[in-house]
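Scope of the values below: all heavy atoms of this structure, side chains included, with no hydrogens, waters or symmetry mates. Residue numbering restarts at 1 for every chain, and letters A, B, ... go by the order of the sequence lines. Being a predicted model, the structure only gives us computed values, none of them experimental.
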Amino acid sequence: MGLLAGKRIFSIMALCMMVGLLLLPIVVALPSPATGEEAPVAGEEAKKEGDKVEKGRDVYYKTEGIVVGAPAPKTTDGPKDYPRYNFESRVLIWFANQQHLYYGSFVLAVPIFCMIIEFMGVVTKDKALAKRYDQLAYDFIKISLTAYSLTAILGGILIFTFLTLYPAFFSYLSGIFRPVMHIYALMFVAESGTLYIYYYGWDKMREGFLKWIHLSMSVVLNVIGTLLMFLANSWIGFMMSPAGVDEQGRYLGNIWHVIHTALWNPLNLHRILGNMAFGGGVVAAYAAYKFLASKTDEDRAHYDWMGYIAMALGVAFLIPLPFAGYWLMREVYAYRQQMGITLMGGLLAWLFIIQATMIGILFLSTNYYLWQAMGRMRGAEKYQRYIKYLVFLLACGYMVFITPHTMVMTPAELKAMGGQQHPVLGNYGVMSAKNGGINVIITTTVLSFVWYMRGNKVSTVSWAKFGNIFMGVFFTCAYINIIWLAIYGYYIPANVRVGLSVPQVATTLSCLFFMFALNSVMMRGAKQMGPIEWGKISARSQYALIMLATAFTWMMGLMGYIRSSVRLFWHVNEIMRDNSPWAYTHTVGFAANMISANVLFFWISILFVFWLGSLTAKKAPVESKAGIPGSVPQPATSH
Amino acid sequence: MKALMSLGALIGVAGLLLLGGMTFDIVPSTTIRLVEGYMPMQLLFEVSCYVMGFAGLSYILNAMGMGIPRFWQGIGFWVFFLLYLKYRVYPPIPFSVRAMYGTVGLVAVFMWISANEDDWKKFKQPIMNVLDAQTGVNKLLRYAYLVLLPILIGGFSFNAMMPKSEEPIELRTVHPAPPASTKVHGKTYTLQTSQNPYRVNPEGKYDQEYSNSNIVEQGMGRLMKPNANPWDENSQGYLKYVREGGEIFFQNCHFCHGDNLNGRGLHAFAFNPIPANFTDPGTIAQLQETFIFWRVAKGGIGLPNEGFPWASVMPPWEQHLTVDEIWKVILFEYWHTGYYPRTWD
């Protein structure tokens with residue numbers, strides 16, 4: 001035990017040292033912009049010349065600062081500001097951005113998975129299981145390695161696209177974020193270095209103290225990756241809700257203000273969760289594809305298990321995602337009312353209906369997969385007859401959740417309806433009901449998970465009957481509370497109503513945490529009705545996983561478009577106007593086609609990445625086959 | 001259990017008869033009234049009853065050895081749901097939303113009938129039988145599909161390609177995004193931060209809470225709060241302004257927006273769409289007072305581009321009312337409907 005603790009301390013020290021070394025260039029680079037060192041210098045020079053020091057007022061923080069930057073350029077349509085090919089520049093930049101983002105999200109998410117899975121492997125006492133987890137983590141990182149190179153290539157393409165098609169805008173943005181962009185580049189180098197050591201050092205650092213060092217490296221890798229993403233988020237945050245500049249867009253010397261805009265933090269949280277859910281979806285789809293293509297029972301068992309783990313991790317991050325989304329939207333509303341209304345009540349409202357549809361598909365697919373997965377356990381039959389009621393709850397929640405407030409209809413239908421507001425749809429179409437709808441969906445997903453977890457088990461604790469009744473009552477009360485709060489929301493002021501989402505979320509999360517915990521306690525030492533027969537799952541379940549991944553990809557494309565287009569005709573909201581011929585909002589149909597094209601390209605290219613991964617697998621020795629899951633009944637996480 | 005299922009079966013049969021009657025216009029569609037204000041929950045409750053009813057019916061029929069095949073159960077439930085949406089819900093739901101609900105219904109039926117392998121096999125069986133065609137009936141069906149399917153696809157294609165002179169489908173923006181500021185009677189108002197100057201407490205200071213406490217209780221009926229009667233000649237401050245707003249409303253607005261502010265005024269049905277229904281929780285209850293101020297002041301023609309196609313005939317009231325009058329009317333609209341304007345604190 002003492003030896004283990006010592007190893008951990010050593011690994012932590014090594015980790016700290018490594019972090020220190022990796023971040024050293026950044027720390028050295030920081031003081032100058034962070035303290036606004038340049039500003040006084042600029043000021044001094046101005047004083048020497050006998051000029052007056054010009055001060056500006058921060059558009060967001062309302063603080064005064066010395067102007068140290070040039071105003072945002074006033075662009076005109078022409079080859080100087082908007083050089084172009086014989087094609088819509090915006091579509092090109094959209095494509096380059098989206099593909100970079102897809103790959104970026106994937107390669108940021110997968111190392112987090114690896115970290116979790118590798119850690120599970122290290123701490124588990126079952127040696128066979130530990131080996132399986134280790135192999136799985138290795139498989140994951142292997143997939144992401146080629147994707148990492150592609151991310152870098154796509155990043156390069158993106159910068160070239162900016163430079164060639166939007167030079168004025170890019171020059172302004174890089175002027176503001178000059179120090180950040182250098183730090184970003186340095187961190188990218190640090191990320192690459194860590195990733196390669198992490199991947200290539202896997203075999204060398206397989207045992208004992210070195211394994212802990214290896215695991216610690218995944219922590220470093222993820223810290224760097226997350227910081228990278230935060231920095232990139234600061235650019236889009238600045239474009240939506242600029243700060244640290246005056247009305248003319250002149251930099252006021254405080255880089256933290258420029259980074260820490262009104263929407264930065266909600267964007268950061270939303271992206272972390274989104275990346276994780278997306279990464280889980282992609283890996284699950286990979287496993288599903290391999291499962292469907294498998295020729296042997298052993299392979300099927302392995303990929304079934306892999307798909308399940310990836311799906312579970314993805315869904316674990318999907319569940320809090322809508323709440324992070326609400327926070328982001330709340331901050332958008334608080335920042336600019338018209339931006340919030342454009343998003344959710346106005347011009348882009350229909351895109352949010354499509355988004356709700358996609359979220360619903362994600363949860364429905366997850367539930368469906370879990371019900372299918374119960375088919376591979378003996379004893380889960382007892383839950384089958386209740387599934388139709390879960391379907392009913394999900395469908396009702398889903399229908400309320402996707403009800404549009406802005407209706408598509410003919411004038412005759414409008415007249416027949418008696419005005420824009422329908423006595424049913426009008427109520428379903430607003431947030432109070434929608435909050436209820438999504439919480440019902442999530443709570444039902446939690447219930448499906450609980451059923452799955454106890455599928456092949458019968459609790460042997462003396463208070464099992466009481467525990468079951470308690471769980472039943474808890475879920476029933478949760479549903480009643482969620483639905484009641486949704487109705488009550490119509491009778492209170494709007495600002496209080498928005499706050500009702502908190503008790504609703506709390507109810508849902510209570511179900512998640514308390515019921516999972518209680519269920520785990522109840523199932524400790526439970527009687528097994530039979531092992532989980534990995535690999536004996538319907539093909540439909542694997543299509544559900546593919547559906548899950550596709551829906552994730554499509555939704556990310558959609559949400560990126562919504563977030564970006566809410567600026568309407570601004571490059572930087574209210575600071576730098578877009579004067580190109582494309583400063584208009586696309587039709588819903590065009591946007592949907594464009595998103596679909598991006599999704600299609602991503603999946604075709606990621607198939608190529610998977611194929612490359614399979615090439616290396618063929619060369620690998622038989623050792624990679626070690627620890628076939630069929631030999632061990634179940635993973636530690638699932639039960 | 002059996003008794004419960006029998007009860008469910010009875011409800012199911014009664015419900016089916018009712019819906020059948022409504023579909024064929026034998027039973028008036030108002031037999032079980034849909035109550036305005038309760039309709040959203042009433043509909044969900046009704047569909048829940050149907051589901052329980054069908055479960056009971058299925059259980060009883062199975063017990064009697066007359067179980068309905070899973071294939072027909074699935075299709076039957078979906079058809080029921082489509083008919084329910086079309087014939088039960090009044091005012092009618094636009095086709096676009098019925099299509100969305102119908103698709104969700106179809107997905108739900110698929111999830112139900114394929115949740116486990118046995119059910120899925122049972123569901124697939126009739127389809128496989130036709131594809132395999134071992135019997136005469138199945139062979140006949142297969143040939144019928146062979147002929148009918150191309151005709152159907154051809155028909156759909158023809159219909160899709162044929163030029164039509166139908167009225168265009170419109171995507172109406174319910175709440176067009178307001179500008180950051182608006183100029184009314186020469187003064188600029190920042191919509192994010194402006195406040196209704198008449199939402200005041202007895203000391204004459206802006207007080208949202210005070211005015212909220214005087215707003216009618218909406219609850220399950222609309223009641224005037226004790227001692228909160230703006231029509232009382234002695235009412236002062238906030239309530240006095242509500243009365244003044246009410247007078248302006250009834251002089252100018254009620255012809256279209258109606259006595260009850262529900263958009264069903266004397267002239268309302270001369271317009272398409274009819275004027276906004278302020279009693280609906282999706283209208284003024286969702287918005288800041290400044291949004292209403294902007295809309296009232298600028299009217300239909302003052303909407304930004306994203307607000308079109310709108311065809312709102314509301315005049316720009318800034319040409320007829322003073323700024324103070326507009327604020328008072330808004331105060332009255334919130335008071336009368338029992339809603340509170342959205343605020344950010």
Side-chain angles (χ1 to χ4, degrees), chain A residues 333-334 336-339 341-342 345-347 349-350 364 367-368 371-372 375 384 387-388 391-392 394-396 398-399 402-430 432-433 487 490-495 538 540 588, chain B residues 36 39-41 43-44 47-48 51 55 89 91-97 100-101 104-105 107-108 111-112 114-117 166-180 191-192 212 218-219 263 272-274 276-277 280-283 285-286 288 306 340-345:
Chain A
Y333 263 102
R336 281 289 182 280
Q337 182 189 213
Q338 72 265 40
M339 232 180 181
I341 292 180
T342 300
L347 191 64
W350 247 92
L364 258 57
N367 279 278
Y368 188 72
W371 302 335
Q372 295 296 312
Q384 294 291 352
I387 282 176
K388 56 178 168 286
V391 172
F392 177 70
L394 284 173
C396 287
Y398 190 23
M399 275 189 267
I402 61 168
T403 302
H405 198 205
T406 294
M407 234 75 79
V408 175
M409 53 191 164
T410 63
E413 284 179 320
L414 180 64
K415 191 148 191 147
M417 210 170 85
Q420 183 71 44
Q421 304 296 329
H422 190 280
V424 176
L425 306 183
N427 285 34
Y428 287 166
V430 292
S432 195
I487 299 167
Y490 288 101
Y491 301 104
I492 51 174
N495 57 333
S538 68
R540 295 192 301 287
V588 175
Chain B
E36 197 169 346
M39 276 172 77
M41 288 317 293
L43 286 188
L44 281 179
V47 178
S48 309
V51 169
V89 189
I93 299 177
F95 175 76
S96 63
V97 181
M100 286 165 72
Y101 285 175
V104 174
V107 170
M111 286 170 73
W112 161 45
S114 68
N116 63 62
E117 213 51 48
E166 282 173 2
E167 51 191 350
I169 286 175
E170 291 179 2
L171 184 64
R172 282 169 191 279
T173 304
V174 177
H175 303 310
L191 298 187
Q192 188 93 343
N212 282 358
Q218 210 202 8
N272 189 21
I274 66 165
N277 171 7
D280 189 283
T283 58
Q286 298 289 320
Q288 271 188 290
E306 79 162 85
Y340 313 90
R342 182 184 284 274
T343 55
W344 297 112
D345 42 278

Among B/G282, B/S114, B/P341, which residue forms the greatest number of heavy-atom pairs with chain A at distances under 4.5 Å? B/S114
Residue B/A276 versus chain A: region with a heavy atom under 4.5 Å: neither
Give the minimum heavy-atom separation between A/P411 and B/N272, together with the two atoms involved. O-ND2, 3.2 Å
Which bit of B/D280 comes within less than 4.5 Å of chain A, counting heavy atoms only: side chain, backbone, both or neither? side chain
Go through the atoms of A/A433 and report whether side chain, backbone, both or neither lie under 4.5 Å from a heavy atom of chain B. neither
Rounded to the nearest 0.5 angstrom, the CG-CZ distance for B/L191 and A/R336 is 11.5 Å
Using a 4.5 angstrom heavy-atom cutoff, name the option from A/I402, A/V391, A/T406, A/T410 with the most pairs to chain B. A/T406
Any donor-acceptor pair under 3.5 Å from B/E117 side chain to A/S538 backbone: no
Do A/Y428 and B/L44 come close enough that some side-chain heavy atom pair is under 4.5 Å? yes
Side chains of A/Y368 and B/V107 in contact at under 4.5 Å (non-hydrogen atoms): no
Taking every non-hydrogen atom, the tightest pair across B/P94 and A/M407: CG-CG, 3.8 Å
Any side-chain heavy atom of B/M100 sitting closer than 4.5 Å to one from A/P404? yes
Can you tell me which of B/N116, B/V47, B/N212 forms the most heavy-atom pairs within a distance under 4.5 Å of chain A? B/N116
One option among A/V408, A/V430, A/L394 has the most heavy-atom pairs under 4.5 Å with chain B, and it is A/V408
Under a 3.5 Å cutoff, is there a donor and acceptor pairing between the side chains of B/N277 and A/Q421? no
Portion of A/A349 that has a non-hydrogen atom of chain B nearer than 4.5 angstrom: neither
Please give me the minimum heavy-atom distance between B/M111 and A/L364, naming the atom from each residue. CE-O, 3.5 Å
Between the side chain of A/T342 and the main-chain N/O of B/A177, is any donor-acceptor distance below 3.5 Å? no
Whatever's closer than 4.5 Å to a heavy atom in chain A on B/V89 counts as side chain
Min side-chain heavy-atom separation B/P91-A/P423 under 4.5 Å: yes
4.5 Å side-chain heavy-atom contact, A/L425 and B/P40: no
Got a donor-acceptor contact below 3.5 angstrom from the B/Q192 side chain to the A/Q337 backbone? yes
Could you report the tightest heavy-atom contact between A/Y491 and B/Y340, atom names first, then the distance? O-CE1, 4.2 Å
Output yes when a side-chain donor or acceptor of A/E413 lies under 3.5 Å from a complementary backbone atom of B/F95, and no otherwise. yes
Mind checking the CE-CG spacing from A/M399 to B/L43? Nearest 0.5 Å is all I need. 11.0 Å
